[in-house]
Visitor: 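First the structure, then my questions, so here it is.
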2 protein chains.
Amino acid sequence: MKKIKEFDSTLFQEELQKRISIPVGEFEKFFELWEFKHFKRNEFILKAGEIPKFSIFVLKGCLRQYIVNEKGEESIVYFAEERHWIGDLPCMRSKTISNFNFQAIEECELLTINADNWEQAFAKFPWWTEAHLTGYQKWASMLQQQMADLHTKTGEIRYLNLLKAKPALFQRVPQHFIASYLGISPETLSRIRKKIFNI
Amino acid sequence: MKKIKEFDSTLFQEELQKRISIPVGEFEKFFELWEFKHFKRNEFILKAGEIPKFSIFVLKGCLRQYIVNEKGEESIVYFAEERHWIGDLPCMRSKTISNFNFQAIEECELLTINADNWEQAFAKFPWWTEAHLTGYQKWASMLQQQMADLHTKTGEIRYLNLLKAKPALFQRVPQHFIASYLGISPETLSRIRKKIFNI
DNA sequence: TGAATTTCTTGACTTTAGTCAACGTTTTGT
DNA sequence: ACAAAACGTTGACTAAAGTCAAGAAATTCA
């Protein structure tokens with residue numbers, strides 16, 4: 001993990017402006033709260049059992065958030081590609097141990113914000129709070145929808161839906177990660193693909 | 001659905017104070033943004049396909065949030081008992097059609113806030129925004145955990161976990177609602193219970 | 001580049017859960 | 001209080017998905 005000072009902050013600013021309009025001159029001050037970090041493929045960014053030190057915006061690369069249960073089985077709950085936000089805010093803010101692992105699937109360039117700076121951003125920039133709140137509201141709704149899909153749709157349907165929704169993901173992450181995210185075994189996903197594409 | 005003017009706002013204030021401290025005198029102003037509503041058993045509070053007119057705090061009773069898929073299958077994604085918040089904020093705020101149904105399982109006494117008042121509360125009371133944001137952050141994490149449970153745990157384990165986490169719920173909602181919430185068929189839940197309790 | 005590692009596929013079998021139908025029990029509203 | 005409706009249980013069967021094991025294919029990185 002190495003730090004670099006110079007890089008292009010346009011992507012970051014653009015992504016924020018998509019959600020909210022930032023008063024002139026405020027982005028620079030806001031941006032100072034963030035730190036650039038670089039991770040290698042397979043490197044752990046945050047580990048379960050530790051207090052998350054920062055929260056993340058993905059500039060480049062792809063990472064996975066997953067949980068390991070008592071039996072040692074992994075379950076991926078989120079993929080963060082470019083322009084995505086990821087982290088365990090409740091645990092970072094309350095300084096408690098997270099249950100989630102965050103690992104780089106590819107080489108990653110990240111912007112990170114630590115707990116103190118997060119609280120500062122929250123206190124100083126109302127537009128940030130607003131964007132954040134709106135984002136979380138939408139996300140929670142999406143997660144509920146996803147839960148209902150797990151209840152009522154077969155693995156095959158969920159696979160086809162994900163393929164439609166995030167085709168690029170399938171080009172960059174191993175198939176067994178997709179299986180884990182869909183909540184099916186790698187073998188089952190292999191058979192689903194055979195059934196769909198072979199005949 | 002009838003309106004009543006007088007009722008005890010203590011429960012509401014208490015629940016807020018649990019999360020955040022409210023500056024003296026502000027609760028009353030905040031409270032004016034809310035409206036009391038009464039619903040009968042089985043009454044629909046908000047329906048899928050409509051724009052949600054308000055968001056809810058439950059004073060008394062219990063309601064369910066569920067989604068119906070293309071095949072007409074229902075899937076319950078949330079139960080709101082006393083002191084719980086429920087609604088489809090993204091759709092209410094953006095005035096778009098919600099996919100969720102909200103129905104009273106019992107006689108319900110609710111506090112509701114409409115879209116305009118919600119935005120006002122958000123603009124005028126920073127403590128409200130803060131409580132809200134923190135609440136959503138935790139909730140999203142919980143939903144992710146729940147998704148992982150759906151991936152890796154059997155129906156039986158999920159049933160036992162829910163029984164432990166929310167024992168009171170089993171005393172007030174029909175068993176097939178519990179099944180729907182757990183993502184299993186009513187028959188399967190019946191068999192799980194037989195297996196656990198009979199032998 | 002090529003050995004080591006990881007990933008994917010396939011077969012055989014098991015487990016878990018769903019479906020359909022029938023029937024008994026409980027709850028509800030009038 | 002009672003008829004109607006909703007709910008829960010059970011059996012027999014089916015479907016979906018998991019597990020284990022072996023081997024083929026692809027990828028990685030030294």
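Naming: A, B, ... by sequence-line order, numbering from 1 per chain. Quantities reported herein were computed from a predicted structural model and do not represent experimental measurements.
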Visitor: Can you name the residues that form a side-chain hydrogen bond (donor to acceptor under 3.5 Å, both in side chains) with B:Arg191, not counting sequence neighbours?
Guide: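 Per chain and number, B:Arg191 pairs via side-chain hydrogen bond (donor to acceptor under 3.5 Å, both in side chains) with no residue.
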
Visitor: I'd like the 5' and 3' limits of the part of DNA chain D contacted by chain B, with heavy-atom contacts below 4.0 Å.
Guide: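 Listing 5' to 3', DNA chain D meets chain B from D:dC7 to D:dA12.
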
Visitor: Who passes ring pair (Phe, Tyr, Trp, His ring centres under 6.0 Å) against B:Phe170, sequence neighbours left out?
Guide: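 B:Phe170 satisfies ring pair (Phe, Tyr, Trp, His ring centres under 6.0 Å) with B:Tyr159 once adjacent residues are dropped.
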
Visitor: For residues 174-182 of chain A, please give each side-chain donor-acceptor pair under 3.5 Å, one per line with the distance, not counting sequence neighbours.
Guide:
{"from": "A:Gln175", "atom 1": "OE1", "to": "A:Arg193", "atom 2": "NE", "distance (Å)": "3.0"}
{"from": "A:Ser180", "atom 1": "OG", "to": "A:Ile76", "atom 2": "N", "distance (Å)": "2.9"}
{"from": "A:Tyr181", "atom 1": "OH", "to": "A:Gln146", "atom 2": "NE2", "distance (Å)": "3.4"}

Visitor: For the pair made of CZ in A:Phe197 and P in C:dT10, what is the distance, rounded to whole Å?
Guide: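 These atoms are roughly 14 Å apart.
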
Visitor: For each nucleotide in nucleotides 18-30 of chain C, reading 5' to 3', give B when a protein heavy atom comes within less than 4.0 Å of its base, S when such contact involves only the sugar-phosphate, and - otherwise.
Guide: BBBB------SS-

Visitor: Would you jot down, in residue-number order, the residues of residues 173-181 of chain A having a non-hydrogen atom under 4.0 Å from DNA chain C?
Guide: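 Heavy-atom cutoff 4.0 Å gives A:Pro174, A:Gln175, A:His176.
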
Visitor: In this structure, how many angstroms lie between the P atom of C:dC8 and the CZ atom of A:Phe170, rounded?
Guide: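 Roughly 12 Å, once rounded to whole Å.
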
Visitor: Without decimals, in angstroms, what is the distance between B:Lys195 NZ and C:dT15 C1'?
Guide: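 Distance, rounded to whole Å: 11 Å.
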
Visitor: Provide the full list of salt bridge (charged side-chain N to carboxylate O under 4.0 Å, His left out) pairs with a residue in residues 114-135 of chain A, sequence neighbours left out, each pair given once.
Guide: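 For residues 114-135 of chain A: A:Arg93-A:Glu119.
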
Visitor: Could you give the side-chain donor-acceptor pairs of residues 17-28 of chain B under 3.5 Å, partners two or more places apart or in another chain?
Guide:
{"from": "B:Lys18", "atom 1": "NZ", "to": "B:Glu15", "atom 2": "OE1", "distance (Å)": "3.0"}
{"from": "B:Glu26", "atom 1": "OE1", "to": "B:Trp127", "atom 2": "NE1", "distance (Å)": "2.6"}

Visitor: Just wondering, more than 12 heavy atoms not from B:Lys53 lying within 6.0 Å of its NZ?
Guide: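 It does: B:Lys53 NZ has more than 12 such atoms within range.
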
Visitor: Using the test side-chain hydrogen bond (donor to acceptor under 3.5 Å, both in side chains), find all partners of B:Ser190 that sit at least two apart in sequence or belong to another chain.
Guide: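 Not a single residue meets the side-chain hydrogen bond (donor to acceptor under 3.5 Å, both in side chains) criterion with B:Ser190.
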
Visitor: Mind checking side-chain hydrogen bond (donor to acceptor under 3.5 Å, both in side chains) for B:Ser98 and listing every partner two or more places apart, or none if nothing turns up?
Guide: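 Once residues adjacent in sequence are excluded, the partners of B:Ser98 under the side-chain hydrogen bond (donor to acceptor under 3.5 Å, both in side chains) criterion are B:Asp88.
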
Visitor: According to salt bridge (charged side-chain N to carboxylate O under 4.0 Å, His left out), does anything in residues 54-72 of chain A pair up with another residue at least two apart or in another chain? List the pairs.
Guide: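 Passing the test, one end in residues 54-72 of chain A: A:Arg64-A:Glu74, A:Glu70-B:Lys153.
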
Visitor: Please enumerate all residues that pass side-chain hydrogen bond (donor to acceptor under 3.5 Å, both in side chains) together with A:Asn69, with sequence neighbours excluded.
Guide: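 For A:Asn69, the residues satisfying side-chain hydrogen bond (donor to acceptor under 3.5 Å, both in side chains) (neighbours in sequence not counted) are A:Glu73, B:Thr152.
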
Visitor: Measure from CZ on A:Arg172 to C1' on C:dT7 and round the result to the nearest Å.
Guide: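 Spelled out: CZ on A:Arg172 to C1' on C:dT7 is 19 Å.
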
